[in-house]
Amino acid sequence: MLPLFAFVGVHKFYLSVTNIDYSEKDKALQITSRIFIDDFEKVLQERYDFEAKLATESESQDADAFIEKYLKAKFAVATNGKAVPYTFIGKKYDTDVVVCYIEVPKIDLAEIESIQIENEILTDLFDEQQNIVHFKIDGKKKSFVLVKSNTKGMLNL
């Protein structure tokens, strides 16, 4: 019998997982998005003709800039129906996944009625892509599975 992780290197499903939390201390939405490295490399190659070589010793020095450019094109945050800017803080690698860190600063939760996420990450490359989004804000939890035909999820506060 093969161990469960025997096929981790070859995945046939297309998935990202994004967690959105509110930091009372920083007055900011803190977002982490986990995306398979090979899929991210493929989309950067296809969209920008950019060979990132993520998680290798020969990773391009421009990798973060292209990751940020792609995220800004495919991932949006809105509060109370208005788009809000965010900062790409950076990334780290966890086995075969790149973990991207994003922050929406200067959020006064008392003034927020709704937070909307539009997540089109990798849907331009993979029709089967599923982007799971977990909100955990002010004691409220809500999760969405966003797909190419439905890329938006909203948490009402």
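All heavy atoms count here, side chains included; hydrogens, waters and symmetry mates do not.
Taking each heavy atom of V98 and Y93 in turn, the nearest pair found is CG2-CE2, 3.7 Å. The two residues E41 and A52 come nearest to each other via the heavy atoms OE2-C, 4.4 Å. Shown here for C100 and F88, the closest heavy-atom pair between the two residues is CB-CE1, 4.0 Å. Contact between D64 and K91 at its shortest, heavy atoms only, is OD1-NZ, 2.6 Å. The shortest heavy-atom contact between L54 and E59 is CA-OE1, 3.5 Å. Nearest heavy-atom pair across R34 and D94 is NH2-OD2, 2.9 Å.
Relative orientation of the Y14 and F126 rings is parallel, given thresholds of 30° and 60° on the angle between their planes. Between F144 and F135, the ring-plane angle classifies as perpendicular under the 30° and 60° cut-offs.
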| side-chain contact (heavy atoms from CB on, under 4.5 Å) between E24 and Y22, worked out | CA-CA 6 Å; E24 188 68 47; Y22 179 73; 3.6 Å; yes
| field | Verdict with reasoning, I121 to V43, per side-chain contact (heavy atoms from CB on, under 4.5 Å) | value | CA-CA 9 Å; I121 291 172; V43 81; over 6 Å; no
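One distance of note links CD1 of I117 with OG1 of T151; it measures 11.5 Å at 0.5 Å rounding. Taken from CD1 in I31 to CG in L71, the straight-line distance is 10.0 Å, to the nearest 0.5 Å. Between N156 atom CG and N80 atom CG the span is 10.0 Å, to the nearest 0.5 Å.
At a threshold of 4.5 Å between non-hydrogen side-chain atoms, the residues T123 and V147 do not count as touching. Here the side chains of T18 and F75 are in contact, with some heavy-atom distance below 4.5 Å. Looking at K27 and K106, their side chains never come closer than 4.5 Å, going by heavy atoms from C-beta outward. Put simply, the side chain of K72 reaches to within 4.5 Å of the side chain of Y86, judged on heavy atoms. Side chains of V97 and I35 form no contact here, defined as non-hydrogen atoms less than 4.5 Å apart. L157 is listed as a side-chain neighbour of L155, based on a closest heavy-atom distance under 4.5 Å. At least one side-chain heavy atom of S16 sits under 4.5 Å from a side-chain heavy atom of N119.
Atom NZ of K42 has 12 or fewer heavy atoms from other residues, nucleotides or ligands within 6.0 Å.
Test I107, V104, D108 against T79 for side-chain contact (heavy atoms from CB on, under 4.5 Å) and you get one pass: I107.
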